[in-house]
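One structure below.
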Number of protein chains: 2
Amino acid sequence: MRIGELAARAGTTTRTLRYYESRGLLPARRGENGYRTYDEHDLRLLRQIRTLQDFGFDLEETRPFVECLRAGHPEGDSCPASLDVYRRKLGELDALIGELRSVRAQVGEQLARAERARDALAADAEVPGGPEPVCELGGRTR
Amino acid sequence: MRIGELAARAGTTTRTLRYYESRGLLPARRGENGYRTYDEHDLRLLRQIRTLQDFGFDLEETRPFVECLRAGHPEGDSCPASLDVYRRKLGELDALIGELRSVRAQVGEQLARAERARDALAADAEVPGGPEPVCELGGRTR
DNA sequence: GCTTGCCTTGACGTCGGCGTCAAGGACTAC
DNA sequence: GTAGTCCTTGACGCCGACGTCAAGGCAAGC
(Lines give C-alpha, C1' and ligand atoms only; values in the text may rest on other atoms or scores of the structure.)
Protein backbone atom coordinates (compact mmCIF):
# COMPACT_ATOMS: atom_id res chain seq x y z
CA MET A 1 0.00 0.00 0.00
CA ARG A 2 1.27 3.45 -0.86
CA ILE A 3 1.11 6.63 1.15
CA GLY A 4 -2.11 7.94 -0.34
CA GLU A 5 -4.05 4.81 0.45
CA LEU A 6 -2.70 4.58 3.98
CA ALA A 7 -3.59 8.20 4.60
CA ALA A 8 -7.10 7.67 3.28
CA ARG A 9 -7.65 4.53 5.32
CA ALA A 10 -6.52 6.27 8.48
CA GLY A 11 -8.46 9.42 7.73
CA THR A 12 -5.43 11.64 7.55
CA THR A 13 -3.18 13.18 4.91
CA THR A 14 0.01 12.23 3.12
CA ARG A 15 1.63 15.32 4.54
CA THR A 16 0.96 14.03 8.02
CA LEU A 17 2.50 10.66 7.26
CA ARG A 18 5.61 12.25 5.84
CA TYR A 19 5.77 14.40 8.93
CA TYR A 20 5.57 11.35 11.19
CA GLU A 21 8.32 9.73 9.19
CA SER A 22 10.49 12.82 9.49
CA ARG A 23 10.03 12.55 13.25
CA GLY A 24 11.11 8.93 13.14
CA LEU A 25 7.73 7.83 14.36
CA LEU A 26 6.50 5.93 11.33
CA PRO A 27 9.36 5.03 8.96
CA ALA A 28 8.46 3.49 5.62
CA ARG A 29 9.96 0.88 3.37
CA ARG A 30 10.62 2.01 -0.18
CA GLY A 31 9.65 0.39 -3.45
CA GLU A 32 11.94 0.26 -6.49
CA ASN A 33 10.53 3.53 -7.74
CA GLY A 34 11.24 5.27 -4.45
CA TYR A 35 7.62 5.25 -3.35
CA ARG A 36 6.89 4.64 0.31
CA THR A 37 5.35 1.26 1.01
CA TYR A 38 3.20 0.38 4.00
CA ASP A 39 1.38 -2.68 5.27
CA GLU A 40 -1.48 -3.45 7.65
CA HIS A 41 0.81 -3.27 10.63
CA ASP A 42 1.72 0.30 9.75
CA LEU A 43 -1.97 1.08 9.64
CA ARG A 44 -2.24 -0.34 13.13
CA LEU A 45 0.59 1.90 14.33
CA LEU A 46 -0.92 4.89 12.63
CA ARG A 47 -4.31 4.30 14.22
CA GLN A 48 -2.65 4.08 17.61
CA ILE A 49 -0.99 7.43 17.03
CA ARG A 50 -4.22 9.05 15.84
CA THR A 51 -6.23 7.76 18.78
CA LEU A 52 -3.78 9.21 21.25
CA GLN A 53 -3.60 12.44 19.31
CA ASP A 54 -7.35 12.72 19.58
CA PHE A 55 -6.92 12.46 23.33
CA GLY A 56 -4.63 15.45 23.19
CA PHE A 57 -1.35 13.56 23.48
CA ASP A 58 1.40 15.26 21.62
CA LEU A 59 3.42 13.29 19.13
CA GLU A 60 6.34 12.50 21.38
CA GLU A 61 3.97 11.05 23.93
CA THR A 62 2.70 8.53 21.41
CA ARG A 63 6.18 7.20 20.75
CA PRO A 64 6.26 4.66 23.59
CA PHE A 65 2.99 3.18 22.35
CA VAL A 66 4.25 2.88 18.81
CA GLU A 67 7.53 1.34 19.89
CA CYS A 68 5.64 -1.06 22.10
CA LEU A 69 3.54 -2.26 19.20
CA ARG A 70 6.55 -2.44 16.95
CA ALA A 71 8.32 -4.58 19.55
CA GLY A 72 5.61 -7.15 18.98
CA HIS A 73 3.39 -6.54 21.98
CA PRO A 74 -0.32 -7.09 21.47
CA GLU A 75 -1.32 -3.53 22.43
CA GLY A 76 0.42 -0.19 22.37
CA ASP A 77 -0.09 0.09 26.10
CA SER A 78 1.30 -3.35 26.92
CA CYS A 79 4.56 -1.74 28.02
CA PRO A 80 5.43 0.07 31.26
CA ALA A 81 6.58 3.18 29.41
CA SER A 82 3.12 3.55 27.91
CA LEU A 83 1.48 3.19 31.28
CA ASP A 84 3.75 5.90 32.62
CA VAL A 85 2.55 8.18 29.86
CA TYR A 86 -1.06 7.38 30.75
CA ARG A 87 -0.43 8.23 34.37
CA ARG A 88 1.41 11.41 33.62
CA LYS A 89 -1.39 12.43 31.28
CA LEU A 90 -4.01 11.77 33.92
CA GLY A 91 -2.12 14.03 36.28
CA GLU A 92 -1.89 16.75 33.66
CA LEU A 93 -5.56 16.42 32.85
CA ASP A 94 -6.58 16.63 36.48
CA ALA A 95 -4.41 19.69 36.99
CA LEU A 96 -5.73 21.36 33.88
CA ILE A 97 -9.35 20.57 34.65
CA GLY A 98 -8.85 21.95 38.14
CA GLU A 99 -7.41 25.17 36.77
CA LEU A 100 -10.18 25.54 34.26
CA ARG A 101 -12.84 24.98 36.86
CA SER A 102 -11.25 27.62 39.01
CA VAL A 103 -11.13 30.05 36.11
CA ARG A 104 -14.71 29.22 35.22
CA ALA A 105 -15.79 30.01 38.75
CA GLN A 106 -13.93 33.32 38.76
CA VAL A 107 -15.23 34.39 35.37
CA GLY A 108 -18.75 33.43 36.42
CA GLU A 109 -18.37 35.51 39.52
CA GLN A 110 -17.11 38.48 37.54
CA LEU A 111 -20.04 38.21 35.18
CA ALA A 112 -22.54 38.03 38.01
CA ARG A 113 -20.96 40.99 39.75
CA ALA A 114 -20.90 43.06 36.57
CA GLU A 115 -24.54 42.24 35.84
CA ARG A 116 -25.56 43.25 39.33
CA ALA A 117 -23.74 46.54 38.92
CA ARG A 118 -25.43 47.11 35.57
CA ASP A 119 -28.89 46.30 36.96
CA ALA A 120 -28.33 48.60 39.90
CA LEU A 121 -27.57 51.43 37.51
CA ALA A 122 -30.58 50.59 35.36
CA ALA A 123 -32.86 50.62 38.38
CA ASP A 124 -31.47 53.98 39.40
CA ALA A 125 -32.16 55.36 35.98
CA GLU A 126 -35.83 54.46 36.28
CA VAL A 127 -36.20 56.83 39.18
CA PRO A 128 -36.67 60.34 37.83
CA GLY A 129 -34.17 62.51 39.56
CA GLY A 130 -31.56 59.83 39.79
CA PRO A 131 -30.72 57.15 42.32
CA GLU A 132 -31.88 57.19 45.90
CA PRO A 133 -29.28 58.49 48.30
CA VAL A 134 -27.53 55.69 50.14
CA CYS A 135 -28.22 57.39 53.45
CA GLU A 136 -31.60 58.97 53.81
CA LEU A 137 -33.81 60.34 56.52
CA GLY A 138 -37.10 58.98 55.24
CA GLY A 139 -38.34 62.16 53.60
CA ARG A 140 -38.89 61.04 50.03
CA THR A 141 -39.75 57.42 50.68
CA ARG A 142 -43.01 58.29 52.33
CA MET B 1 6.49 56.89 33.78
CA ARG B 2 8.51 55.18 31.07
CA ILE B 3 8.07 51.73 29.60
CA GLY B 4 10.49 49.95 31.91
CA GLU B 5 8.81 51.18 35.05
CA LEU B 6 5.33 50.36 33.78
CA ALA B 7 6.46 46.88 32.83
CA ALA B 8 8.03 46.34 36.24
CA ARG B 9 4.98 47.62 38.09
CA ALA B 10 2.71 45.33 36.11
CA GLY B 11 5.04 42.37 36.39
CA THR B 12 5.59 42.07 32.68
CA THR B 13 8.19 43.05 30.10
CA THR B 14 8.85 45.99 27.84
CA ARG B 15 8.58 43.67 24.86
CA THR B 16 5.05 42.81 25.89
CA LEU B 17 4.06 46.46 26.16
CA ARG B 18 5.47 47.24 22.73
CA TYR B 19 3.57 44.26 21.42
CA TYR B 20 0.32 45.52 22.92
CA GLU B 21 0.95 48.90 21.38
CA SER B 22 1.61 47.31 18.00
CA ARG B 23 -1.77 45.64 18.32
CA GLY B 24 -3.37 48.98 19.10
CA LEU B 25 -4.35 47.76 22.52
CA LEU B 26 -2.25 50.06 24.66
CA PRO B 27 -0.99 53.07 22.70
CA ALA B 28 1.50 55.36 24.40
CA ARG B 29 2.15 59.07 24.43
CA ARG B 30 5.67 60.10 23.49
CA GLY B 31 8.07 62.43 25.27
CA GLU B 32 10.31 64.90 23.47
CA ASN B 33 13.04 62.31 23.19
CA GLY B 34 10.72 59.80 21.61
CA TYR B 35 10.38 57.72 24.76
CA ARG B 36 7.00 56.19 25.50
CA THR B 37 5.22 57.83 28.42
CA TYR B 38 2.54 56.21 30.55
CA ASP B 39 0.42 57.21 33.53
CA GLU B 40 -1.52 55.49 36.26
CA HIS B 41 -4.50 55.01 34.01
CA ASP B 42 -2.38 53.03 31.59
CA LEU B 43 -1.31 50.86 34.48
CA ARG B 44 -4.98 50.26 35.19
CA LEU B 45 -5.59 49.22 31.60
CA LEU B 46 -2.57 47.01 31.60
CA ARG B 47 -3.64 45.26 34.78
CA GLN B 48 -7.04 44.64 33.24
CA ILE B 49 -5.38 43.02 30.26
CA ARG B 50 -3.11 40.90 32.40
CA THR B 51 -5.91 39.69 34.63
CA LEU B 52 -7.91 38.52 31.65
CA GLN B 53 -4.86 36.97 30.07
CA ASP B 54 -4.33 34.99 33.25
CA PHE B 55 -7.85 33.68 32.80
CA GLY B 56 -6.83 32.44 29.38
CA PHE B 57 -8.48 35.19 27.36
CA ASP B 58 -6.60 35.91 24.22
CA LEU B 59 -5.52 39.41 23.48
CA GLU B 60 -8.37 40.35 21.19
CA GLU B 61 -10.86 39.28 23.82
CA THR B 62 -9.45 41.81 26.25
CA ARG B 63 -10.03 44.68 23.85
CA PRO B 64 -13.65 45.39 24.82
CA PHE B 65 -12.61 45.65 28.45
CA VAL B 66 -9.80 48.05 27.68
CA GLU B 67 -11.98 50.20 25.45
CA CYS B 68 -14.64 50.22 28.12
CA LEU B 69 -12.20 51.54 30.69
CA ARG B 70 -10.79 54.03 28.24
CA ALA B 71 -14.31 55.26 27.55
CA GLY B 72 -14.43 56.33 31.16
CA HIS B 73 -16.45 53.52 32.66
CA PRO B 74 -15.61 52.56 36.22
CA GLU B 75 -14.79 48.94 35.37
CA GLY B 76 -13.61 47.12 32.29
CA ASP B 77 -16.73 45.01 32.42
CA SER B 78 -19.17 47.92 32.73
CA CYS B 79 -20.00 47.58 29.05
CA PRO B 80 -22.27 45.08 27.26
CA ALA B 81 -19.51 44.00 24.89
CA SER B 82 -17.42 42.89 27.85
CA LEU B 83 -20.29 40.92 29.30
CA ASP B 84 -20.71 39.20 25.96
CA VAL B 85 -17.09 38.16 26.10
CA TYR B 86 -17.60 36.80 29.61
CA ARG B 87 -20.57 34.77 28.47
CA ARG B 88 -18.86 33.45 25.41
CA LYS B 89 -15.87 32.50 27.51
CA LEU B 90 -18.04 30.67 30.00
CA GLY B 91 -19.48 28.63 27.17
CA GLU B 92 -16.04 27.82 25.83
CA LEU B 93 -14.81 26.88 29.28
CA ASP B 94 -17.76 24.59 29.89
CA ALA B 95 -17.29 22.91 26.54
CA LEU B 96 -13.58 22.49 27.10
CA ILE B 97 -13.97 21.18 30.62
CA GLY B 98 -16.54 18.71 29.37
CA GLU B 99 -14.21 17.45 26.68
CA LEU B 100 -11.34 17.15 29.08
CA ARG B 101 -13.43 15.23 31.58
CA SER B 102 -14.46 12.86 28.83
CA VAL B 103 -10.86 12.37 27.76
CA ARG B 104 -9.81 11.90 31.37
CA ALA B 105 -12.40 9.17 31.79
CA GLN B 106 -11.31 7.40 28.63
CA VAL B 107 -7.62 7.58 29.45
CA GLY B 108 -8.34 6.35 32.97
CA GLU B 109 -10.24 3.44 31.52
CA GLN B 110 -7.43 2.59 29.15
CA LEU B 111 -4.95 2.65 31.99
CA ALA B 112 -7.10 0.41 34.14
CA ARG B 113 -7.61 -2.02 31.30
CA ALA B 114 -3.91 -2.12 30.46
CA GLU B 115 -3.01 -2.69 34.10
CA ARG B 116 -5.48 -5.55 34.39
CA ALA B 117 -3.99 -7.15 31.29
CA ARG B 118 -0.51 -6.76 32.70
CA ASP B 119 -1.51 -8.25 36.07
CA ALA B 120 -3.20 -11.16 34.39
CA LEU B 121 -0.01 -11.95 32.52
CA ALA B 122 2.03 -11.60 35.71
CA ALA B 123 -0.29 -13.99 37.54
CA ASP B 124 -0.01 -16.48 34.69
CA ALA B 125 3.74 -16.31 34.88
CA GLU B 126 3.64 -17.40 38.50
CA VAL B 127 1.98 -20.68 37.58
CA PRO B 128 4.65 -23.09 36.40
CA GLY B 129 3.47 -24.53 33.16
CA GLY B 130 1.67 -21.39 32.07
CA PRO B 131 -1.87 -20.07 32.48
CA GLU B 132 -4.87 -22.24 33.19
CA PRO B 133 -6.90 -23.12 30.14
CA VAL B 134 -9.96 -20.99 29.76
CA CYS B 135 -12.12 -24.03 29.18
CA GLU B 136 -11.38 -27.06 31.25
CA LEU B 137 -13.06 -30.26 32.21
CA GLY B 138 -12.12 -30.27 35.85
CA GLY B 139 -9.21 -32.68 35.58
CA ARG B 140 -6.37 -30.56 36.91
CA THR B 141 -8.34 -28.45 39.35
CA ARG B 142 -9.08 -31.34 41.62
C1' DG C 1 34.70 62.30 27.81
C1' DC C 2 33.32 57.85 29.14
C1' DT C 3 30.69 54.37 31.06
C1' DT C 4 26.28 52.64 32.31
C1' DG C 5 21.63 52.02 31.75
C1' DC C 6 17.62 53.05 29.75
C1' DC C 7 15.33 53.83 25.45
C1' DT C 8 14.33 53.34 20.12
C1' DT C 9 13.09 50.44 15.73
C1' DG C 10 13.53 46.34 13.06
C1' DA C 11 13.73 41.80 12.31
C1' DC C 12 14.26 37.02 13.06
C1' DG C 13 13.29 32.86 16.32
C1' DT C 14 10.15 29.90 19.11
C1' DC C 15 6.72 25.98 19.54
C1' DG C 16 3.61 21.89 17.15
C1' DG C 17 1.59 19.91 13.62
C1' DC C 18 0.94 20.14 9.93
C1' DG C 19 -1.02 23.10 5.04
C1' DT C 20 0.33 24.51 0.70
C1' DC C 21 2.97 25.32 -3.17
C1' DA C 22 6.75 24.25 -6.63
C1' DA C 23 9.27 21.44 -9.74
C1' DG C 24 9.86 17.26 -11.34
C1' DG C 25 9.68 11.78 -11.66
C1' DA C 26 6.66 7.39 -12.18
C1' DC C 27 2.98 4.91 -13.95
C1' DT C 28 -1.55 4.02 -16.19
C1' DA C 29 -5.05 4.61 -19.75
C1' DC C 30 -6.22 5.97 -24.16
C1' DG D 1 2.48 10.74 -27.19
C1' DT D 2 0.02 12.70 -23.91
C1' DA D 3 -3.24 13.45 -20.33
C1' DG D 4 -4.08 12.41 -15.73
C1' DT D 5 -3.03 10.81 -11.30
C1' DC D 6 0.02 9.50 -8.07
C1' DC D 7 4.48 9.99 -6.05
C1' DT D 8 9.13 12.48 -4.64
C1' DT D 9 11.90 16.31 -2.04
C1' DG D 10 12.33 20.98 -0.50
C1' DA D 11 10.89 24.93 1.39
C1' DC D 12 7.98 28.53 3.06
C1' DG D 13 3.49 29.71 5.71
C1' DC D 14 0.56 29.60 9.73
C1' DC D 15 -1.09 30.65 14.54
C1' DG D 16 -0.29 33.67 19.27
C1' DA D 17 2.31 36.05 22.30
C1' DC D 18 5.87 37.25 22.84
C1' DG D 19 11.81 36.28 23.42
C1' DT D 20 16.05 37.68 21.77
C1' DC D 21 19.42 39.97 19.25
C1' DA D 22 21.38 44.02 16.65
C1' DA D 23 22.56 48.71 15.96
C1' DG D 24 22.13 52.88 17.55
C1' DG D 25 20.15 57.26 20.38
C1' DC D 26 19.57 59.78 24.95
C1' DA D 27 20.50 60.91 29.75
C1' DA D 28 22.94 60.80 34.12
C1' DG D 29 26.89 60.14 37.10
C1' DC D 30 31.90 60.32 37.52
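All figures in this text were calculated on a predicted structure; none of them were measured in a lab. Throughout, protein chains are lettered first and strands after them, A, B, ... in sequence-line order, and every chain is numbered starting at 1.
- We find the CZ-OG1 distance between Arg50(A) and Thr16(A) to be 5.5 Å, quoted to the nearest 0.5 Å.
- Gln53(A) has its side chain out of reach of Gln48(A): every pair of non-hydrogen atoms, C-beta onward, lies at least 4.5 Å apart.
- Contact annotation: Arg18(B) reaches the phosphate of dT8(C) (side-chain N/O to OP1 or OP2, under 4.0 Å).
- For Thr16(A) and dG17(C), the shortest distance from a side-chain N or O to OP1 or OP2 is not below 4.0 Å.
- Side-chain N/O atoms of Gln53(A) include one lying less than 4.0 angstrom from OP1 or OP2 on dC18(C).
- The phosphate of dC18(D) (OP1 or OP2) has a side-chain N or O of Arg50(B) nearer than 4.0 angstrom.
- Taking the ring centre of Phe55(B) as origin, the terminal cationic atom of Lys89(B) falls outside the region bounded by 6.0 Å and 45° from the ring axis.
- For the pair Thr13(A) and dC18(C), the criterion of a side-chain N or O lying under 4.0 Å from OP1 or OP2 is not met.
- In this structure, Arg23(A) reaches neither bases nor backbone, as no heavy-atom distance under 4.0 Å exists between it and the strands shown.
- In this structure, the OH atom of Tyr19(A) is 15 Å from the C1' atom of dG13(D), given to the nearest Å.
- We find that CG of Leu25(B) is positioned 10 Å from P of dA17(D), with the value rounded to whole Å.
- The separation between Leu59(A) atom CG and dC18(C) atom P is 6 Å, rounded to whole Å.
- Residue Arg36(B) has no polar side-chain atom (N or O) positioned under 4.0 Å from OP1 or OP2 of dC26(D).
- Contact between the side-chain N/O atoms of Arg15(B) and the OP1/OP2 oxygens of dG10(C) is not found at any separation under 4.0 Å.
- Under 4.0 angstrom from either OP1 or OP2 of dC18(D) there lies at least one side-chain N or O belonging to Tyr20(B).
- In this structure a side-chain-to-backbone donor-acceptor pair under 3.5 Å is present from Ser82(B) to Gly76(B).
- Side chain of Glu67(B) to backbone of Pro64(B): no donor-acceptor contact under 3.5 angstrom is found.
- A donor and an acceptor atom sit less than 3.5 Å apart, one in the side chain of Tyr35(A) and one in the base of dG25(C).
- Using a 4.0 Å cut-off, some side-chain N or O of Asn33(A) falls inside it from OP1 or OP2 of dC27(C).
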